[in-house]
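Presented below is the structure to which this report refers.
Within every chain, numbering begins at 1; the chains are lettered A, B, ... in the order of the sequence lines, protein sequences first and strands thereafter.
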Number of protein chains: 2
Amino acid sequence: MNIRDLIYLQAIARHGHFGKAAESCNVSQPTLSVQLQKLEADLGVTLIERTKRAAMLTPIGQRVLALAEDALTAVDAIRSITAEASDPFSGQFRFGSIPTISPFLVPDVLRVLGTTFPRLELVFRENITDRLTENLLNGDLDVAILATPPVTSRLLAIPLYDEPLLVIHPIGHNLAELDKLNVSDLPLDQMILLSEGHCFRDQTVDLCRLQSRTTLAETSVTSLETIISLVAAGQGISIVPALAQSSGWLDRPNIGVKPLRSKGATRQLNLTFRKSSPRRVLIEAVAKQISGVLV
Amino acid sequence: MNIRDLIYLQAIARHGHFGKAAESCNVSQPTLSVQLQKLEADLGVTLIERTKRAAMLTPIGQRVLALAEDALTAVDAIRSITAEASDPFSGQFRFGSIPTISPFLVPDVLRVLGTTFPRLELVFRENITDRLTENLLNGDLDVAILATPPVTSRLLAIPLYDEPLLVIHPIGHNLAELDKLNVSDLPLDQMILLSEGHCFRDQTVDLCRLQSRTTLAETSVTSLETIISLVAAGQGISIVPALAQSSGWLDRPNIGVKPLRSKGATRQLNLTFRKSSPRRVLIEAVAKQISGVLV
DNA sequence: TATATTCATAGGCACTGACTATCATAATAA
DNA sequence: TTATTATGATAGTCAGTGCCTATGAATATA
């Protein structure tokens with residue numbers, strides 16, 4: 001059986017005439033004649049009763065036609081949804097980002113992508129790097145904005161932004177007197193860190209060459225917002241990504257901000273996606289737009 | 001697009017693996033690979049995202065698969081109903097007969113056909129010859145039991161029974177004294193006829209060489225049952241088919257029955273059907289069974 | 001690094017669907 | 001009836017397609 005055969009059957013039934021049906025299908029009459037015979041032989045029943053006057057459906061032919069039209073409806077639907085989806089800038093676009101990026105970036109990204117790609121249906125998901133990586137690999141996400149390079153060769157990353165790191169401290173803190181800060185200047189026992197699982201915690205710890213056990217118990221919290229509040233309350237110092245400042249999160253009365261000058265005191269944001277993704281064109285366009293937001 | 005392609009898509013989606021999918025379809029892996037590429041090129045979208053680890057559906061691939069499965073369901077249904085219907089002795093069988101035959105014959109015919117062809121779904125319709133002929137020609141009936149030969153070469157007829165005609169008269173009528181009746185013996189002015197449209201009326205009139213106008217007004221009625229009752233009431237005489245007697249319809253106190261000996265005083269019952277009917281085998285078997293009833 | 005796995009590609013072959021030309025049969029007109 | 005027209009079926013031919021085997025490229029795994 002064949003979709004074409006079903007269309008032929010439908011045409012013959014509609015026209016009641018092989019010649020006219022053939023014309024409507026843009027094929028010759030013998031083609032229809034032969035193909036219908038094959039279909040009937042295949043199914044083992046007579047679908048059309050031929051007369052010199054009219055070609056009419058048998059009872060079983062009517063039932064087959066009804067089902068054939070169901071099938072053809074589904075096939076038409078396939079053609080129609082794929083015709084829409086063949087536009088690379090349409091359809092659902094699922095992207096994720098980590099908690100230390102999303103509050104500073106996602107609102108702008110959603111706005112820009114929404115206007116640049118109006119036919120895209122944007123779906124956003126926030127989670128830690130490991131979860132987002134899983135989502136990427138099993139196809140639940142199209143892209144993720146991460147601050148770490150891909151952990152597997154199945155993923156690719158487009159660099160978005162080399163983000164400086166900042167030290168924040170209470171206004172009265174003695175760091176306030178220094179202009180240019182180095183990691184070696186920091187009183188590491190006063191550092192407030194994010195809890196485990198956050199890649200930004202790992203980066204901070206690596207940078208300071210701390211044993212992660214040293215400060216875990218008392219000073220790890222689950223969000224940058226909490227860290228900022230604690231610093232503002234004079235409970236310690238911390239390192240935060242620069243986007244926090246440009247988003248206005250550090251504009252608090254009791255907080256001092258200093259750039260961190262040490263070598264490697266940046267984190268590289270990138271747009272990560274499956275190497276096998278069929279939406280490469282769209283993803284690269286999206287990366288360009290996000291980079292634009294970050295200028 | 002092609003039904004086979006949809007099956008391949010389904011298999012790849014299920015197995016997440018071209019090789020296994022190919023095995024399940026009993027084709028080689030390159031076949032699947034090439035065919036899916038063609039399908040994707042045809043539709044203009046990527047349906048499957050290929051990895052060395054797994055072949056997974058894209059979002060549009062999932063939507064296409066859902067519709068493909070709708071189509072395949074309909075196709076399976078076609079295969080299943082045609083497999084059933086490929087038995088020539090199954091399915092709906094629509095037959096008709098004229099009013100001057102059905103009361104004597106159809107009950108027995110229904111019983112015999114029902115037991116001989118248990119998978120047949122019998123549908124019966126009674127009407128006059130002209131209507132039944134229309135029904136035959138437009139495909140609303142498979143066969144009809146008629147007492148006249150086909151009016152068009154598009155219909156064929158299998159002879160069933162050469163039915164004698166009988167004269168009925170009131171017991172006290174002077175015909176009662178004659179043993180063998182001829183048409184010339186009949187007092188034609190006392191004849192009660194069926195109304196126009198009934199072929200049996202036409203046969204009777206032809207036989208008696210009456211002008212149909214002569215007796216129309218007073219003595220035409222719409223059923224044989226009425227005729228028999230009128231004769232029983234002494235209102236006239238009539239000619240009835242022999243089956244009326246074997247069915248016991250003439251077993252009434254005041255009715256005398258005499259065979260009509262004239263040449264051509266019979267009517268030939270036959271099973272009429274479209275020459276183009278695809279159910280020739282079944283129809284011939286049915287004719288045989290009806291003939292059996294008539295012995 | 002070597003091996004195994006997986007999907008893609010290339011070349012060859014058989015089958016199928018399409019065409020044109022023609023036939024057989026039936027409906028219609030002369 | 002006989003001639004004409006119309007319809008579906010058949011025959012022969014050819015191009016396209018689906019399938020195969022053999023092989024390649026890229027990745028995962030030992």
Side-chain angles (χ1 to χ4, degrees), chain A residues 1-9 11-42 46-58 61 137-138 150-156 274-278 280, chain B residues 1-9 11-42 46-58 61 133 137-138 150-156 274-278:
Chain A
M1 203 187 323
N2 201 307
I3 292 169
R4 200 188 303 111
D5 297 336
L6 301 183
I7 294 172
Y8 289 167
L9 172 64
I12 296 170
R14 282 207 183 136
H15 292 89
H17 189 285
F18 278 69
K20 287 173 192 161
E23 194 180 359
S24 82
C25 294
N26 299 309
V27 294
S28 70
Q29 169 266 314
T31 299
L32 244 66
S33 200
V34 169
Q35 288 309 112
L36 190 75
Q37 283 178 59
K38 282 188 192 168
L39 179 61
E40 289 180 327
D42 177 25
T46 302
L47 300 171
I48 299 279
E49 193 174 317
R50 288 95 160 153
T51 311
K52 293 291 158 186
R53 183 173 295 247
M56 63 190 176
L57 284 168
T58 61
L137 288 175
N138 67 22
V151 292
T152 158
S153 62
R154 277 181 285 157
L155 296 178
L156 289 182
R274 287 185 301 286
K275 179 158 46 173
S276 60
S277 171
R280 193 66 166 266
Chain B
M1 203 188 321
N2 199 308
I3 292 169
R4 201 188 302 109
D5 297 337
L6 301 183
I7 294 172
Y8 290 167
L9 172 64
I12 296 169
R14 283 206 182 137
H15 292 90
H17 188 286
F18 279 69
K20 286 173 192 162
E23 195 180 358
S24 83
C25 294
N26 298 310
V27 294
S28 71
Q29 169 267 315
T31 298
L32 243 66
S33 200
V34 169
Q35 289 307 114
L36 191 73
Q37 284 177 58
K38 283 188 192 169
L39 178 61
E40 289 179 328
D42 178 24
T46 302
L47 301 171
I48 299 278
E49 192 174 316
R50 287 95 160 153
T51 311
K52 293 291 158 187
R53 187 173 292 250
M56 62 189 176
L57 283 169
T58 60
T133 301
L137 287 174
N138 67 21
V151 292
T152 159
S153 62
R154 278 180 284 157
L155 296 178
L156 289 183
R274 288 184 301 288
K275 181 159 44 175
S276 60
S277 171

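Residue Lys52(A) places a side-chain atom within donor-acceptor reach of the base of dT7(D), judged by atom type and a 3.5 Å distance cut-off alone. No hydrogens or angles were tested; on distance alone, nothing pairs the side chain of Gln35(A) with the base of dA18(C) as donor and acceptor under 3.5 Å. Below the 3.5 angstrom threshold, one finds no donor paired with an acceptor across the side chain of Gln37(B) and the base of dA8(C).
Under 4.0 angstrom from either OP1 or OP2 of dC19(C) there lies at least one side-chain N or O belonging to Ser28(A). For Arg50(B) and dA26(D), the shortest distance from a side-chain N or O to OP1 or OP2 is not below 4.0 Å. Applying the 4.0 Å criterion to OP1 and OP2 of dA8(C), one finds that Ser33(B) has a side-chain N or O inside that range. For dA28(D), the OP1/OP2 oxygens have a side-chain nitrogen or oxygen of Ser153(A) closer than 4.0 Å. Close to dA6(D), at under 4.0 Å from its OP1 or OP2, lies no side-chain N or O of His17(A). One finds no side-chain N or O of Arg53(B) lying less than 4.0 angstrom from the OP1 or OP2 phosphate oxygen of dC7(C). Phosphate contact (OP1/OP2 of dG17(C), side-chain N/O of Thr31(A), threshold under 4.0 Å): absent.
Looking at Thr51(B), its side chain never comes within 3.5 Å of a backbone N or O of Arg53(B) through a donor-acceptor pair. Thr58(B) contributes a side-chain N or O that, together with a main-chain N or O of Gly61(B), makes up a donor-acceptor pair within less than 3.5 Å. Here the side chain of His17(B) pairs a donor or acceptor atom with the backbone of Gly19(B) at under 3.5 angstrom. Of the possible donor and acceptor atoms, one in the side chain of Glu40(A) sits under 3.5 Å from a partner among the backbone N and O of Leu47(A). Without hydrogens or angle criteria, Ser33(A) side chain to Pro30(A) main chain gives no donor-acceptor distance under 3.5 Å.
The CD-P distance, from Gln29(B) to dT23(D), rounds to 15 Å in whole Å. In this structure, the CG atom of Leu39(B) is 14 Å from the C1' atom of dG18(D), given to the nearest Å. Between the C1' atom of dG18(D) and the CG atom of Asp42(B) lies a distance of 15 Å, rounded to the nearest Å. Look at CG on Asn2(A): it is 13 Å from C1' on dC15(C), rounded to the nearest Å. Straight-line distance from the CG atom of Leu36(B) to the P atom of dC19(D): 12 Å, rounded to whole Å. We find that CE of Met56(A) is positioned 15 Å from C1' of dG8(D), with the value rounded to whole Å. Summarising the geometry, the separation between CD on Glu49(B) and P on dT6(C) is reported as 18 Å, rounded to the nearest angstrom. dA27(C) atom C1' lies 14 Å from atom CG of Leu137(B), rounded to whole Å.
Both Thr152(B) and Gly16(B) lie near DNA chain C, and the one whose nearest nucleotide falls closer to the 5' end is Gly16(B). The nearest heavy atom of DNA chain C to Lys38(A) and to Pro30(A) marks one nucleotide each, and the one closer to the 5' end goes with Lys38(A).
Here Lys275(A) lies in heavy-atom contact (under 4.0 Å) with sugar-phosphate atoms only.
Between dC19(D), dT10(D), dC7(C), one nucleotide has an atom nearer to the side chain of Val34(A) than all others, and that is dT10(D).
No side-chain heavy atom of Asp5(B) sits less than 4.5 Å from a side-chain heavy atom of Leu36(B).
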